[in-house]
There are 2 protein chains.
Amino acid sequence: MLTIGNLAKKTGTKVQTIRYYEQIGLMPEPGRTEGGQRRYGDAELDRLSFIRHSRQLGFSLDAIRELLDLSDHPEKSCDEADAIARRQLRQVEQRMARLKALRTELKRMVHECSGGRTADCRVLEVLRDHSECLTEHDDIGA
Amino acid sequence: MLTIGNLAKKTGTKVQTIRYYEQIGLMPEPGRTEGGQRRYGDAELDRLSFIRHSRQLGFSLDAIRELLDLSDHPEKSCDEADAIARRQLRQVEQRMARLKALRTELKRMVHECSGGRTADCRVLEVLRDHSECLTEHDDIGA
DNA sequence: CTTGAATCTACAGTAGCTAGAGGATGTAAA
DNA sequence: TTTACATCCTCTAGCTACTGTAGATTCAAG
């Protein structure tokens, strides 16, 4: 039986985050001691590992919820899980492309700005200048 | 003179976002019409373009605030701007690495899961299985 | 039995917006 | 000129995914 602190350590999660997951229904309400402290078993450890790993891979809590639902009802088709993975893959490739452009720009900025005063430095112009970027005007959210 | 709506269109920003930037002091309080509507000039267009472009490049609002401060006081050293860019570059490379790993994993998931039932599908195990990942237990934040 | 770390609940705060209510303003056609 | 309608205003609340704090309680080791 694990305390919440030990579960946190084992999964690289903050204690509050575990309680938060419980609050939003991602984690089940665990058993309690006489005194009211949470105690966890292997099932909960597995579930939390799953959640954390999924988060590290970029899944939203909603996506994780879907996956856990699938996991809880294995008679459903795997196509759903596949669809979720495909959706995530698309998003990931978009983010990668954006980050690549960003990295190029930042590298250029760092190279061009080798000491001197702000007035002579192109860092700020690069960011201000509209024409130098392919302004797509779409979402920039994570 | 631009209305807030036109400024929004020109910069790919939502109207509310512009007001939000004003609220947190990133954008200055603009002039108003008799009736109290905001009107913007070229200076504000430039500033907002700068902000939006920076956001698209992944800068936090705090970092942008720093850059704008530099921009407002060009007598300061460019080293500061350079340091900000370097910090961002480091972060970007971290994110890229994480996304690369994620993409690999997702691709594998999509390939391995070609129809069938959840029970036979490795998608869920891949995410649950602790041993298959290099658990770093560091921040996963955007 | 005491001490001190860990836990409890409850609430507030974070970033960076986004959405909605309910009303005022600006503009263009009839 | 009037009227219609898009756009604007302020204010408040909500979103995601946590994180932090306060003050009280519980657990485990010595």
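So you know, we letter chains A, B, ... as the sequences are listed, proteins then strands, and number each from 1.
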Considering all heavy atoms of both residues, which atom of B:Ile4 and which atom of B:Ile18 are nearest to each other, and what is their separation?
-> O-CD1, 3.8 Å
Rounded distance (Å) that lies between atom [atom2] of [N] and atom [atom1] of [X]:
X: A:Arg52; N: D:dC18; atom1: CZ; atom2: C1'; value: 9 Å
X: B:Tyr20; N: C:dC17; atom1: OH; atom2: C1'; value: 6 Å
X: A:Gln23; N: D:dT16; atom1: CD; atom2: P; value: 13 Å
X: A:Leu26; N: D:dT16; atom1: CG; atom2: P; value: 12 Å
X: B:Ile18; N: C:dG16; atom1: CD1; atom2: P; value: 17 Å
X: B:Lys9; N: D:dC8; atom1: NZ; atom2: C1'; value: 13 Å
X: A:Leu2; N: C:dT7; atom1: CG; atom2: C1'; value: 15 Å
X: B:Asn6; N: C:dT27; atom1: CG; atom2: P; value: 11 Å

Mind checking what makes side-chain contact (heavy atoms from CB on, under 4.5 Å) contact with B:Arg39, not counting sequence neighbours?
-> B:Met1, B:Thr3, B:Thr33, B:Gln37
With B:Thr17 via side-chain contact (heavy atoms from CB on, under 4.5 Å) - residues at least two apart = B:Thr13, B:Lys14, B:Tyr21, B:Arg52
Expected list for residues 36-44 of chain B near DNA chain D, using heavy atoms below 4.0 Å, is B:Gly36, B:Gln37, B:Arg38
Output the single nucleotide from [options] whose closest atom is nearest the side chain of [X].
X: A:Thr17; options: D:dC18, C:dC17, D:dC8; value: D:dC18
X: B:Tyr21; options: D:dC18, C:dG16, C:dC17; value: C:dC17
X: B:Arg32; options: D:dC8, C:dC17, D:dT10; value: D:dT10

Can you tell me how far the [atom1] atom of [X] sits from the [atom2] atom of [Y], to the nearest 0.5 Å?
X: B:Leu48; Y: B:Met27; atom1: CG; atom2: CE; value: 4.5 Å
X: B:Tyr40; Y: B:Lys10; atom1: OH; atom2: NZ; value: 14.5 Å
X: B:Leu7; Y: B:Arg47; atom1: CG; atom2: CZ; value: 12.5 Å
X: A:Leu26; Y: A:Tyr20; atom1: CG; atom2: OH; value: 8.0 Å

N/O-N/O pairs, protein side and nucleotides 20-24 of chain D side, under 3.5 Å:
residue: D:dG20; atom: N7; partner: A:Gln16; partner atom: NE2; Å: 3.3

The answer to which of B:Asp62 and B:Glu34 contacts DNA chain C further toward the 5' end, by nearest nucleotide, is B:Asp62
Please examine the side chains of A:Leu68 and A:Ile51, heavy atoms only from C-beta on, and report whether any two atoms are closer than 4.5 Å.
-> yes
For [X], which residues count as a side chain to side chain donor-acceptor pair (under 3.5 Å) partner, sequence neighbours excluded?
X: A:Glu22; result: A:Arg38
X: A:Glu44; result: none
X: B:Gln16; result: none
X: B:Glu66; result: B:Arg87

So, OP1 or OP2 of [N]: does either fall under 4.0 Å of a side-chain N or O from [X]?
X: B:Ser60; N: C:dA15; result: no
X: B:Thr33; N: D:dC8; result: no
X: B:Thr3; N: D:dC8; result: yes

Quick one: which protein N/O atoms are closer than 3.5 Å to N/O atoms of nucleotides 21-23 of chain C? Pair and distance per line, please.
none

Name the nucleic acid region contacted by A:Ile4, choosing base, sugar-phosphate or nothing; use a 4.0 angstrom heavy-atom cut-off, strictly under.
-> sugar-phosphate
